[in-house]
Undergrad: 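Can you keep this structure in mind? I'll have questions shortly.
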Amino acid sequence: MAVSDYLQRNRERSLEELNDWLRIPSISAKSEHREDTARAAEWLAGRMREVGLQTVDVVATAGNPVVVGEWRGAEGAPTLLVYGHYDVQPPEPLDEWNSPPFEPVVKDGRIYARGSVDDKGQVYLHLKAVEAHLAENGSLPVNVVFLVEGEEEVGSPNLGAFLQEHVERLRCDAVMISDTTMFAPGLPSITVGLRGLAYMEVRVQGPSIDLHSGAYGGAVVNPALALARILSQLHDEQGRIAIPGFYDRVRELTAEQRAAIAALPFEEEGLREEVGAPALGGEAGFGSVERIWARPTLDVNGLLSGYTGEGAKTVLPARAMAKVSMRLVPDQDYKEIERIFIEHVKSLAPEGVTVEVEALHGGQPWFAEPEGKVFDAAKRALARAYGRDPVMIREGGSIPIVQSFQQTLNAPVVLIGFGLPGENAHAPNEWMSVENFHVGAEAIAALYEELR
Ligand code: BES
Ligand code: ZN
């Protein structure tokens, strides 16, 4: 098939282009990288124009720009909106990378670089599918609109408003997203559920300045201990979250869903090895996959207080701080969870310190039945590219805008991930499988044909 041949012939060039994009440190969390994120947006827009999209715009927002690229030459055919992000997570800790995060290295069939799998490689393979069709046939079997943002990793604070403002331009029959993982190598996967998120910061203030722990210790409440005590009361002995009302809206797994999970090729020991911890742990009564896909969590993402440098310093710190995030499942509402978290944590504050709690960002959980024309086409396309039928999975991560897509555009959202377990997203030595980059492009090219 010509399109597939084109992709094969151009594999090396495609990979080199992706590496160019990966060299741009588009870190959305850090303001010093604002120009880099803008450069990453322009880079993509440039490639979209070269490939032959008809209209390409880099649209300014209150934050990083959104890249919109359209090809609408298939009259009467369905329109696909491809969503992804060009921003990446901060690369720290730098000394744990085997090669610099923004100097991509291709080794052992993997592309090592920050943003390789999350999400530049997964966005770029969609553009490769478009390129192959346009190069070989001069047209696409469907209409395609790309919407690639630069703030996904910081909670998409400006994309909701952008959607509202451009509803007409973004009107589509389905939203396609590749920003997730496959359940196992070679096993194509469609993600039908994501967890939501409520991200909080807890600040505990004791004395007005750091104190000599000998001169004052014992007579002044220690904020680090006060915070530790608060945090330790947020779970019970069963690993359940001990915030009143937290589970009120949690949709329980059905017996059928539990059976489907049990039928997947998964070993607890394999997961333990992947993460390198001495043992796994979590809410009693559930397996790891159930815990990650369908149960809410409360995690400490960061903890700071007192002296943490070399050697010893006898100090009673003035303050302590924790970053706490909760992953949410249907039908929890992040606004409500933020509210009960704040109320409960404040109620746990011991005398002698003040406790402030702030909500940093959030997103709703999402779950969809994989039914309809686009899901069926996606299943056939994945089966063609990978030689086996895809599995339906859920994932524990979050893509905050997914729920808004469904509501604002009233279109089904189909998540086809080309990441793999252990790919180190958000961690040192992030990688994407070279094979999945290429086969992913084949799958998307096939999807356009299946939808015709
Ligand atoms: N690609 C991930 C989402 C993801 C992670 C899907 C793991 C499936 C499994 C995305 O880029 C991401 O990291 N999202 C953030 C969202 C947050 C910053 C609002 C997340 O899940 O932490
Ligand atoms: Zn991410």
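Please read all numbers here as calculations on a predicted model, not as lab measurements.
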Undergrad: List the atom pairs, donor and acceptor, that lie under 3.5 Å between side-chain atoms in residues 95-113 and the rest of the protein, sequence neighbours left out.
TA:
| from | atom 1 | to | atom 2 | distance (Å) |
| --- | --- | --- | --- | --- |
| Trp97 | NE1 | Pro91 | O | 2.8 |
| Arg110 | NH1 | Tyr112 | OH | 3.2 |

Undergrad: Could you check if a side-chain atom of Gln332 sits within less than 4.5 angstrom of a side-chain atom of Val250, using non-hydrogen atoms only?
TA: yes
Undergrad: Does Ser189 use its side chain to pair, donor to acceptor, with the backbone of Leu187 at less than 3.5 Å?
TA: yes
Undergrad: Under 4.5 Å between any side-chain heavy atoms of Met326 and Leu197, yes or no?
TA: no
Undergrad: So does Arg394 get a backbone contact from the side chain of Trp293, meaning a donor-acceptor N/O pair under 3.5 Å?
TA: yes
Undergrad: With a cut-off of 6.0 Å (strictly less than), are more than 12 heavy atoms of other residues, nucleotides or ligands near CD of Glu267?
TA: no
Undergrad: Are Phe405 and Leu163 packed together at the side-chain level, in the sense that at least one heavy-atom pair is separated by less than 4.5 angstrom?
TA: yes
Undergrad: Indicate the atoms forming the closest heavy-atom contact of Met182 with Tyr386, along with that distance.
TA: SD-OH, 3.7 Å
Undergrad: Which heavy atom of Pro296 sits nearest a heavy atom of Val329, and at what distance?
TA: N-CG1, 3.8 Å
Undergrad: What's the verdict on side chain to side chain donor-acceptor pair (under 3.5 Å) for Thr79 and Arg171, showing C-alpha distance, side-chain angles and the deciding distance?
TA: CA-CA 8 Å; Thr79 301; Arg171 189 100 22 245; over 6 Å; no
Undergrad: More than 12 heavy atoms of other residues, nucleotides or ligands under 6.0 Å from CD of Glu32: yes or no?
TA: yes
Undergrad: Count the heavy atoms of every other residue, nucleotide or ligand shown that sit under 6.0 Å from OH of Tyr247, and state whether that count exceeds 12.
TA: yes
Undergrad: Checking side-chain polar atoms at under 3.5 Å, does Ser325 have a donor or acceptor matched by the opposite partner on Asn301?
TA: yes
Undergrad: Can you tell me how far the CG atom of Leu328 sits from the CD atom of Glu336, to the nearest 0.5 Å?
TA: 10.5 Å
Undergrad: Which heavy atom in Ala129 sits nearest to a heavy atom in Ala441, and how many Å separate them?
TA: CB-O, 3.6 Å
Undergrad: Take a 6.0 Å sphere around CG of Leu94 and say whether it holds more than 12 heavy atoms from other residues, nucleotides or ligands.
TA: yes
Undergrad: Kindly say whether Ala425 contributes a backbone atom to a donor-acceptor pair with the side chain of Arg114 at under 3.5 angstrom?
TA: no
Undergrad: Does Glu274, at its CD atom, have more than 12 non-hydrogen atoms belonging to other residues, nucleotides or ligands within less than 6.0 Å?
TA: yes
Undergrad: Say you draw a straight line from CG of Leu159 to CG of Leu147; how long is it, rounded to the nearest 0.5 Å?
TA: 5.5 Å
Undergrad: Name all residues meeting the side-chain hydrogen bond (donor to acceptor under 3.5 Å, both in side chains) criterion together with Thr191; count only those two or more places apart in sequence or in a different chain, and write none if there are none.
TA: Glu395
Undergrad: Yes or no on side-chain contact (heavy atoms from CB on, under 4.5 Å) for Val56 and Val68, after CA distance, side-chain angles and deciding distance?
TA: CA-CA 6 Å; Val56 179; Val68 182; over 6 Å; no
Undergrad: Measure from the side-chain N and O atoms of Thr37 to the backbone N and O of Arg34, and report whether any donor-acceptor pair falls under 3.5 Å.
TA: yes
Undergrad: Whether the Asp333 and Gln364 side chains hold a donor-acceptor pair (N or O, under 3.5 Å, no angle test) is what I'd like checked.
TA: yes
Undergrad: Taking only residues two or more places apart in sequence or in another chain, which ones pass side-chain hydrogen bond (donor to acceptor under 3.5 Å, both in side chains) with Gln205?
TA: Arg319
Undergrad: Who are the side-chain hydrogen bond (donor to acceptor under 3.5 Å, both in side chains) partners of Gln407, not counting sequence neighbours?
TA: none
Undergrad: Between the side chains of Asp57 and Arg169, is the shortest nitrogen-to-carboxylate-oxygen separation below 4.0 Å, so that they form an ion pair?
TA: yes
Undergrad: With sequence neighbours left out, what residues match Phe418 under ring-ring contact (aromatic ring centres under 6.0 Å, His included)?
TA: none
Undergrad: Is there a donor-acceptor contact under 3.5 Å linking the side chains of Ser288 and Glu268?
TA: yes
Undergrad: Does Glu273 have any salt bridge (charged side-chain N to carboxylate O under 4.0 Å, His left out) partners at least two apart in sequence or in another chain, and if so, which?
TA: none
Undergrad: Would you say Met48 and Leu127 make side-chain contact, with heavy atoms under 4.5 Å?
TA: yes
Undergrad: Could you tell me the separation between the CZ atom of Phe341 and the CD1 atom of Ile241, rounded to the nearest 0.5 Å?
TA: 10.5 Å
Undergrad: Are Arg295 and Glu290 within salt-bridge range, i.e. N to O under 4.0 Å?
TA: no
Undergrad: Below 4.0 angstrom, N of the basic side chain to O of the carboxylate: do Glu358 and Lys323 qualify?
TA: no
Undergrad: Could you tell me whether the side chain of Val82 reaches within less than 4.5 Å of the side chain of Val144, counting heavy atoms only?
TA: yes
Undergrad: Output yes when a side-chain donor or acceptor of Asp179 lies under 3.5 Å from a complementary backbone atom of Gly84, and no otherwise.
TA: no
Undergrad: Please answer whether the main-chain N or O of Gly396 pairs with a side-chain N or O of Arg195 as donor and acceptor at a distance below 3.5 Å.
TA: yes
Undergrad: Between Trp366 (side chain) and Gln406 (backbone), is there a donor-acceptor pair under 3.5 Å?
TA: no
Undergrad: For Ile444 and Leu125, which heavy atoms make the closest approach, and how far apart are they?
TA: CG1-CD1, 3.7 Å
Undergrad: Testing the 3.5 Å rule here: is there a donor-acceptor pair between the side chains of His33 and Asp87?
TA: no
Undergrad: If I compare all heavy atoms of Asn436 with all of Met432, which pair ends up nearest, and what's the gap?
TA: C-CE, 4.1 Å
Undergrad: Does the pair Asp331/Arg249 count as a salt bridge with the N-to-O cut at 4.0 Å?
TA: no
Undergrad: Using a strict threshold of under 4.0 Å (side-chain N to carboxylate O), is an ion pair present between Arg203 and Glu201?
TA: yes
Undergrad: Between Phe162 and His166, is the ring centre distance below 6.0 Å?
TA: yes
Undergrad: Indicate the ring-plane relationship of Tyr124 and Phe437, choosing parallel, tilted or perpendicular according to the 30° and 60° boundaries.
TA: parallel
Undergrad: Would a distance-only check, ignoring hydrogens and angles, find a side-chain to backbone donor-acceptor pair under 3.5 Å from Arg272 to Ala277?
TA: yes
Undergrad: Name the orientation class of the two ring planes belonging to Trp43 and Trp21 (parallel below 30°, tilted from 30 to 60°, perpendicular beyond 60°).
TA: parallel
Undergrad: Is there a donor-acceptor contact under 3.5 Å linking the side chains of Asp118 and Gln89?
TA: no
Undergrad: Working note: Asn64 + Ser28, criterion side-chain contact (heavy atoms from CB on, under 4.5 Å); need CA distance, chi angles, decisive distance, verdict.
TA: CA-CA 8 Å; Asn64 292 329; Ser28 50; 3.9 Å; yes
Undergrad: Side chain to side chain donor-acceptor pair (under 3.5 Å) for Glu149 and Tyr83? Distances and angles first, verdict last.
TA: CA-CA 8 Å; Glu149 71 150 321; Tyr83 164 79; 2.5 Å; yes
Undergrad: Output yes when a side-chain donor or acceptor of Asn158 lies under 3.5 Å from a complementary backbone atom of Thr61, and no otherwise.
TA: no
Undergrad: Check Glu153, Lys120, Glu35, Arg39 against Ser26 for a side chain to side chain donor-acceptor pair (under 3.5 Å) and give me the one that passes.
TA: Lys120
Undergrad: Measure the shortest side-chain to side-chain distance between Leu316 and Val220 over non-hydrogen atoms and say whether it is less than 4.5 angstrom.
TA: yes
Undergrad: Shortest non-hydrogen contact from Ala215 to His212?
TA: N-ND1, 3.1 Å
Undergrad: Please answer whether the main-chain N or O of Arg240 pairs with a side-chain N or O of Glu283 as donor and acceptor at a distance below 3.5 Å.
TA: no
